[in-house]
2 protein chains.
Amino acid sequence: MNPATANIEEAILSAILAGRINPGTRLGEQKLADLFGVSRTRVREAMMRLETRGVVQVSARRGWYVVEPSAEEAREAFQTRRIIETGLLHSLREVPPDVLKSLKEHVAMERDAIGAGDVHSRACLLGDFHIHLADALGNRMLTEIIRDLTARTTLISMLYQPTEKAEESSHDHEDIVAAMEAGDLAGAARLMDEHIGKVEAGLDLTAKPDPLAGLRALLSPAAFAGNAPSVPHTHVHPQDHSHSHSHGHPATKED
Amino acid sequence: MNPATANIEEAILSAILAGRINPGTRLGEQKLADLFGVSRTRVREAMMRLETRGVVQVSARRGWYVVEPSAEEAREAFQTRRIIETGLLHSLREVPPDVLKSLKEHVAMERDAIGAGDVHSRACLLGDFHIHLADALGNRMLTEIIRDLTARTTLISMLYQPTEKAEESSHDHEDIVAAMEAGDLAGAARLMDEHIGKVEAGLDLTAKPDPLAGLRALLSPAAFAGNAPSVPHTHVHPQDHSHSHSHGHPATKED
DNA sequence: GCTTACAGGCTTGTATACAAGATTGTCGCC
DNA sequence: GGCGACAATCTTGTATACAAGCCTGTAAGC
């Protein structure tokens, strides 16, 4: 593949996995082209590849947007991950020592990142655990699949997750590795199932399927006619999709 | 997505699943563009999407080729399918009656196609069973994943399969459905594992990593100088194949 | 004052032109 | 006669130009 195209693709996917790009973010072709110093052609290539991988979508003549999975798609993504990752653990007969070592090191890194409060690194590592697991098997196809799925569930978490439970996730990972070390693969699979289930259960899938959620919350208390003057038109389109949730998204959780 | 682009992509993928396109086939951009009545741009889009899905590959400034999975990739593909499809069956608690009905009908169609000797339809249906299974769960993501994997294993079978065992496969499918109907999902998963294992075991993964295999077979009996004059040229290009699809795959021989 | 029609700007969609590289067929040389 | 270099041809790689459509801001009409 083209090095430049691959770089764009990889850069965007990595940014998503690290939680640096929010769902719904608009990715303008020309803007990306300038950013990477290439022409729109290459950017379009990368975008189309990412579209087939399920992480961006094109809206006709409007632009490319990072996907905002619906509640239904969220359920599918988690179901798919459960199936694949438990299937993976079940398929193992034994775990090579070097794989165990590598996984333990990874969990240690998770704890460090959590302790250091590095939110991007943390999100990246937590997702990466699952990718690492597949990779340790030496199966690149599976790794790619899980990587794409993880990108999607990361976006889902950003959309629907009211609370972050990084410590709990890392602890789950630790338990899974412990079960693997004990040779209890079935137990590890069960723990993995529960782990993914917990992450899914921690989401509020009824809450934020639309970008108006924040606004809707303002409206529902019937405080609409209260004091805020002419809220509707002026505030529905603050700027535009591209800049609207450009950065300060994660601040809106759990209150 | 674009309708035309999607059509090209789908047409080629379907053709692969039906065994109508051989691994290693060259897919020229202009030729496809003429065929579908569009410009090269659209063809390139479709090709890049298919490349992302792992069914074609581009060789720089030489053309697009249907992938010829190596023995290693073949093992990975089967391993991945085993993991996912057994994981799928394990994840089920019960099978809805309409799904069972649909699967039974599918198996019946397989038998019909086998009886009728329709080789393309048969190949398509045998692969489609697995796709159908995921689809019946209502999980489109999983369906897409399995579809792509099935395309690859279909190509692998075309490359390495010395014998076709359509009846046996169909019979396996029947057994799997029967186990599902009996509510024995664990048993169904085991049967699925064995089924995929059987298909994999039926291959000769040491035999045909290179496109010269047929030629090599002619050379080895040392009958080369015997009586057939200038055999090589006439038989290397049986029909049009565009040209020789002998793009220098590094993994040529093994012995 | 509010609604509706319209125009301008901006973004993607598509085709085409040209550049770069690879393969192949041919000619000259040894 | 065999081998190597060269040129013609074909194919993809990349950029750019133009067309088409959406969004937004403005102005006119009710």
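Note that this is a predicted model, so its numbers are computed, not measured. Just so it is clear: chains get the letters A, B, ... in the order the sequence lines come, proteins before strands, and each one is counted from 1.
A:Phe129 pairs by the ring pair (Phe, Tyr, Trp, His ring centres under 6.0 Å) definition with A:His173, not counting sequence neighbours. Remark: A:Glu29 engages A:Arg40, A:Arg44, A:Trp64 in a side chain to side chain donor-acceptor pair (under 3.5 Å) (not counting sequence neighbours). A:Arg147 pairs by the salt bridge (charged side-chain N to carboxylate O under 4.0 Å, His left out) definition with A:Glu10, not counting sequence neighbours. Scored by the side chain to side chain contact (heavy atoms under 4.5 Å, CB included) test, A:Ala18 finds A:Arg20, A:Cys124 as partners (sequence neighbours excluded).
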Within the sub-3.5 Å range, which N or O atoms of nucleotides 8-11 of chain C have a protein N or O partner, and how far apart are they?
| residue | atom | partner | partner atom | Å |
| --- | --- | --- | --- | --- |
| C:dT11 | O3' | A:Arg26 | NH1 | 3.4 |

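When the nucleotides C:dT12, D:dG13, D:dT16 are ranked by their closest atom to the side chain of A:Ser39, D:dT16 comes out on top. Residue B:Thr41 has its side chain nearest to C:dA15 when only C:dT12, D:dG13, C:dA15 are considered.
Residue B:Arg42 contributes atom CZ, which lies 14 Å from atom C1' of C:dT16 at whole-angstrom precision. Following rounding to the nearest Å, B:Glu45 (CD) and D:dT12 (P) show an atom-to-atom distance of 16 Å. When rounded to the nearest whole Å, the span between CG of B:Leu27 and P of D:dT11 equals 13 Å. As a whole-Å value, the separation of A:Gln57 CD from C:dT12 P is 15 Å.
Nucleic acid contact class of A:Val58 (heavy atoms, under 4.0 Å, all strands): sugar-phosphate only. Across all strands shown, A:Arg44 has heavy atoms under 4.0 Å from base atoms, whether or not it also approaches the sugar-phosphate.
Residues in residues 127-146 of chain A take part in these salt bridge (charged side-chain N to carboxylate O under 4.0 Å, His left out) pairs, two or more places apart or across chains: A:Arg53-A:Glu144, A:Arg140-B:Glu76.
Side-chain nitrogen and oxygen atoms of A:Arg40 include none within less than 4.0 Å of the OP1 or OP2 phosphate oxygen of D:dT16.
With A:Glu200 as the fixed residue, the salt bridge (charged side-chain N to carboxylate O under 4.0 Å, His left out) test singles out one of A:Arg81, A:Arg82, A:Arg75: A:Arg82.
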